[in-house]
Amino acid sequence: MILKPVCIGTSQLRDDILKEDARRCLRIGPCGLGEKALYIGSLFLERRCYIRYSDISRCFKRVAMSKGGFTGKGMFGSIAYLVVLTRSGEEHQCSFKFEDEVDLFLAQLKTAHPDIRLHSEEAERKLKEAEEKERARYLDKLSPEQDAAVRDLTAAEHALRRYPVQYTQLAHAARQKRIIDHISPTYRLAAMVVFGLAAAAALFGVYSIIQGMGGAVYFVLFGIAAIFAVVSSRILPTGRNNRKAAQEDWESALQAMAKIVDEESNGRQTFPVPAQYAHPVVLERMIRVVREGRASSAAEALAVEKEDLRKLNYTVEVSQKEHDEVVMVKPMFLVMNYE
């Protein structure tokens, strides 16, 4: 441990315990889950700070979206943050490169420490209101077939909840494949040209500095800024950011989930959804479809959900909860062309 993590809570760990806990912690993005404490990153360093679980009041996801994102229309670029609220009222946050990693982190935290609240007070209030409106749409009494379907779907959802890494990777791989497959070759070519020109400008600036030429530093700064801009756009093809790698990641995630589905169905075709759609959110939406009386079986519920997702586009206004669910699971249906 080169730099000892800084305590942001009221109680500290002994140096020897802290060193061992930080070394063995489960690392997800810039944060980590240890046995004794939770670790979050700073602006430049990963897992730079720590807080003991007893000092945590709430831990939740915050998403900073582009202008108009919270209207509920369409799907906008976003930056995901993990927010840790201490019992003393202090708030600390850490940005993640991938929103899926925040979801995975919170899922693991929920499993290890179910007593920690995973939503802000405002989010809890809105969720409660949304749940009340949702219940108002449910049938007062389900038919025996619908009741059996709800029990089957609920059991499947609980089974999948035991595999947060696998279903998170499945959703992430589908989203990445969808994004990469739809990047125009023209954009990739343009990014490569800009990257080449930027690199040339930076090298020319360095050469000019060595030769003592005036204004050389501006070439270096411009070149470096352009390089960072192109790299951050994620349009430029790299070893992992290309169609072949995206396809391999999707197939790997699908195979891992297919194995889980097969195990949970005991070798029989009884799991209510195929492996490509095996995600707890998909099952939650299917349960709602049945309880609203729009389907009587799991197969019918899946067909209705597919149709619902097909109809959702940038012109449709939805709740924030609906928006979050669609962003999470619709790429899996798009990648499979709803088959």
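From a predicted model like this one, the values you see are computed outputs, not experimental measurements.
A salt bridge between E322 and K133 is absent, with no side-chain N of the basic residue lying under 4.0 Å from a carboxylate O of the acidic one. A salt bridge is defined here as a Lys NZ or Arg NE, NH1 or NH2 lying under 4.0 Å from an Asp or Glu carboxylate O, and K128 with E124 fails to meet this definition. Look at K126 and E129 and you find no salt bridge, because none of the NZ, NE, NH1 or NH2 atoms lies under 4.0 Å from a carboxylate O. A salt bridge links D308 with R294; the closest basic N to acidic carboxylate O contact falls under 4.0 Å. Salt bridge E20/R23: present, at least one basic N to carboxylate O contact under 4.0 Å.
Annotation: H113 is in aromatic contact with Y53 [ring centroid separation under 6.0 Å]. A ring-centre distance under 6.0 Å is found for F333 and Y277.
Under the side chain to side chain contact (heavy atoms under 4.5 Å, CB included) test applied with V290, the options L153, D152, L139 reduce to a single match, L153.
There is a side-chain donor-acceptor pair under 3.5 Å between Y163 and E264. Side-chain atoms of Q255 and E251 include no donor-acceptor pair closer than 3.5 Å. Judged purely by distance below 3.5 Å, without hydrogens or angles, the side chains of T168 and D103 never pair a donor atom with an acceptor atom.
Using a 30° and 60° split on the angle between ring planes, Y50 and Y39 fall in the tilted class, from 30° to 60°. Between H172 and F98, the two ring planes are perpendicular [angle over 60°; tilted spans 30° to 60°].
Cation-pi geometry between R310 and Y338 is met: the NZ or CZ atom falls under 6.0 Å from the ring centre, inside 45° of the normal. Both the sub-6.0 Å distance and the 45° axial angle are satisfied by R291 relative to the ring of Y138.
Under a 3.5 Å cut-off, the side chain of K330 and the backbone N or O of L309 do form a donor-acceptor pair.
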